[in-house]
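To start, the structure under review is shown below, and the notes come after it.
Any value given below was found using the heavy atoms of this structure, including those in side chains, with hydrogens, waters and symmetry copies removed. Sequence lines set the chain letters: A, B, ... in the order given, protein chains first and strands last, and positions in each chain run from 1.
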There are 2 protein chains.
Amino acid sequence: MINKLITKIQKTNAPIVVGLDPMLSYIPEHIQKAAFEEFGETPAGAAEAIWQYNKAIVDATYDLIPAVKPQIAMYEQFGVEGVKAFQKTVDYCHEKDLVVIGDVKRGDIGSTSAAYATGHLGKVAIGSKSYSTFSEDFATVNPYLGSDGIKPFVDVCKEEKKGIFILVKTSNPSSGEFQDQLIDGRPLYEHIAEKVAEWGSDCMGDSYSYVGAVVGATYPKQGEVLRKLMPKSFILVPGYGAQGGKGADLVHFFNEDGLGAIVNSSRGIIAAYKQDKYKEMGITEMNFADASRAAVEDMIADIKGALESR
Amino acid sequence: MINKLITKIQKTNAPIVVGLDPMLSYIPEHIQKAAFEEFGETPAGAAEAIWQYNKAIVDATYDLIPAVKPQIAMYEQFGVEGVKAFQKTVDYCHEKDLVVIGDVKRGDIGSTSAAYATGHLGKVAIGSKSYSTFSEDFATVNPYLGSDGIKPFVDVCKEEKKGIFILVKTSNPSSGEFQDQLIDGRPLYEHIAEKVAEWGSDCMGDSYSYVGAVVGATYPKQGEVLRKLMPKSFILVPGYGAQGGKGADLVHFFNEDGLGAIVNSSRGIIAAYKQDKYKEMGITEMNFADASRAAVEDMIADIKGALESR
């Protein structure tokens, strides 16, 4: 799957991923209204609104992008109905041949991580049959429990040729509270990065490993160091746009081959219609997905410009 | 909810929690067969088997115990159908007036943690209405992202009088890989424990905080230190039984008041019928839940004995 991700990045010339993190407050009035008329102001109504919103954004952008990253929390908050909308979104993105990165940040003790890996990336055995259930292509994973929480994911990645991105240095303001603490003179996130390189070393695609890392766009200097510590790991870079990261901050997340990083933007793309910039282009919430398409084009140009001028 | 948990522990005289972590391999043949006959060897069939298995165990043990801890990974692996069985289990345990600890180990950046906190512990707003969706009483939370990943959970705990248990020192063999690393001469887990005490200090129940910690039974010495660092935090102690923890290892997880800890056993109780000890009592897989009840009684006696002889 890392090979497919790279092929798609090269084909679209866009090392970006659209974060499908639908908040009800982002979803245009007319979509919410239609969903609530059909299902009431219920979790099923919210799930329908999310799904219609996602579908319109995917339809408007899928030819420009290699991948999407649905954040499962935004679905899980609506309970079972929300999880159904997550599944529907994953399935639809597969239909559109997009690589799907499930932003699930799971991680537990070995046998439990194995269940998460099975559900999100693998196949679950039921009697004499087996099923792919959530069936994302990549999942994000939390490393706090150490190797035996990670290995079951790596095993499933090898079997299924899928991938993971392990949290190394997250984009949020307080990420340093534990991640930056010095151990033998070096921050915890560097120790974890070394483990990421190690875990990934025996499950390689053609040029990059199935095991990648998450490093926030909001920490470009750390990104530069981490790029070198994990030369064969793709870095998933959240925090672009709404969280403050800019194209120029991102160049050091990439290797010399122009690969090695994929930059996520969520709100900046899916709720682009709320920005003055796109309103001035005559976009309203009725054609919100046009703003998403324009925002994808702007993001690609920003990153391409930064990479070319480095 | 911490007050309710304590009241129930005192009433049952049992500081224990039953881990409802159903693997298909634990579920007796006749239950699987009936479920597969109705729904086929499908995720819906697996979900039905899980649900019938859980229900029988809850029915056989609910009067002896204060709480259950369903591990969501074991449900999530079966996709949407599995998540429905999780919800059904949570709802049924509420009917039986059990405290429900959702072992979900969620944790993300602020806005995303807020969505998880809403979905698992809070109420989600949909139009003019609001809904409790998964509606557990407690959730387990991963601290790797720092304060702004934790605060949204704490806020919901205050609003809803619910609780969380934050991973401090986990029960698995490789938990030390990062958690034991020394920072200013003290392991990371101690730094996190201090934060747990701080986060919990302004959301207190009558005698303990809404904010607790997870510390594995497999690390009794660390438990002793951590008990003192977080005097007002309840400690959820996994790793008893199948993972190797024994009653005698557990005494230091408790405060002098005999409270402050709640010990989980999963496989040791829900799959007790597979143990020779219970087979010798004439229990077969047909009356597997009787073994679960006997295992609960044995666990209570083991812990009570250890606490009395300390």
Side-chain angles (χ1 to χ4, degrees), chain A residues 21 23-24 32 36 41-43 45-46 71 73-74 76-80 82-84 87 105-110 112-113 115-116 118-120 124-129 131 133-134 142-149 167 170-179 181-183 188 191-192 195, chain B residues 21 23-24 32 36 41-43 45-46 71 73-74 76-80 82-84 87 105-110 112-113 115-116 118-120 124-129 131 133-134 142-149 167 170-179 181-183 188 191-192 195:
Chain A
D21 309 354
M23 306 276 274
L24 278 184
Q32 293 197 46
F36 293 160
E41 289 178 339
T42 61
Q71 166 52 262
M74 299 306 168
E76 218 171 290
Q77 66 181 324
F78 298 108
V80 170
V83 176
K84 281 189 205 168
Q87 181 72 73
K105 295 190 179 67
R106 301 305 195 242
D108 209 299
I109 66 168
T112 309
S113 270
Y116 279 130
T118 295
H120 288 280
V124 66
I126 301 173
S128 58
K129 309 236 170 98
Y131 295 86
T133 49
F134 286 117
N142 187 309
Y144 186 64
L145 287 89
S147 289
D148 53 37
L167 305 187
T170 57
S171 62
N172 56 314
S174 73
S175 72
E177 208 166 286
F178 304 125
Q179 296 166 25
Q181 292 292 333
L182 297 181
I183 294 157
L188 173 59
H191 294 267
I192 291 180
K195 279 288 183 184
Chain B
D21 309 355
M23 306 277 272
L24 279 185
Q32 293 197 45
F36 294 160
E41 289 178 339
T42 62
Q71 166 53 262
M74 298 305 166
E76 220 171 289
Q77 66 181 327
F78 298 107
V80 170
V83 175
K84 281 189 205 167
Q87 180 72 74
K105 297 193 178 62
R106 302 306 195 241
D108 209 299
I109 66 168
T112 308
S113 270
Y116 279 130
T118 295
H120 288 280
V124 66
I126 300 173
S128 58
K129 309 236 170 95
Y131 295 86
T133 50
F134 286 116
N142 187 308
Y144 186 65
L145 287 91
S147 290
D148 54 37
L167 305 187
T170 56
S171 61
N172 56 314
S174 73
S175 72
E177 207 166 288
F178 304 124
Q179 296 166 23
Q181 293 291 333
L182 296 182
I183 295 157
L188 173 59
H191 294 268
I192 292 180
K195 278 290 185 183

Let me know if A/Tyr131 has heavy atoms under 4.5 Å from chain B in its side chain, its backbone, both or neither. side chain

Decide yes or no on side-chain contact (heavy atoms from CB on, under 4.5 Å) for B/Phe178 and A/Ile183, but give the supporting numbers first. CA-CA 10 Å; B/Phe178 304 124; A/Ile183 294 157; over 6 Å; no

Can you tell me if B/Gln77 uses its side chain to pair, donor with acceptor, with the backbone of A/Thr118 under 3.5 Å? no

In terms of heavy-atom proximity below 4.5 Å to chain B, should A/Val83 be classed as side chain, backbone, both, or neither? both

Can you tell me if B/Asp148 uses its side chain to pair, donor with acceptor, with the backbone of A/Asn172 under 3.5 Å? no

Quick one: do the B/His120 and A/Glu76 side chains pair a donor with an acceptor below 3.5 Å? yes

Do you know which of B/Gly119, B/Ala46, B/Pro43, B/Ser175 has the most heavy-atom pairs under 4.5 Å to chain A? B/Pro43

Stepwise, does the side-chain contact (heavy atoms from CB on, under 4.5 Å) test hold for B/Leu145 with A/Asn142? CA-CA 9 Å; B/Leu145 287 91; A/Asn142 187 309; 4.3 Å; yes

In terms of heavy-atom pairs under 4.5 Å with chain A, which of B/Gly45, B/Gly107, B/Gly82, B/Pro143 leads? B/Pro143

A/Thr170 versus chain B, the contacting section by heavy-atom distance below 4.5 Å: side chain

Please classify the contact of A/Glu41 with chain B as side chain, backbone, both or neither, using a heavy-atom distance under 4.5 Å. both

For chain B, the option from A/Lys195, A/Gln181, A/Arg106, A/Met23 that forms the most heavy-atom pairs under 4.5 Å: A/Arg106

Report the C-alpha separation of A/Tyr144 and B/Lys105 in whole Å, then their side-chain angles, then the decisive distance to 0.1 Å, and conclude whether the side-chain contact (heavy atoms from CB on, under 4.5 Å) test is met. CA-CA 11 Å; A/Tyr144 186 64; B/Lys105 297 193 178 62; over 6 Å; no

Does any heavy atom of chain B fall under 4.5 Å from the side chain of A/Leu182, the backbone, both, or neither of them? backbone

Suppose we screen for side-chain contact (heavy atoms from CB on, under 4.5 Å). Which residues come up paired with A/Ser113, at least two apart in sequence or across chains? A/Asp108, A/Pro152, A/Phe153

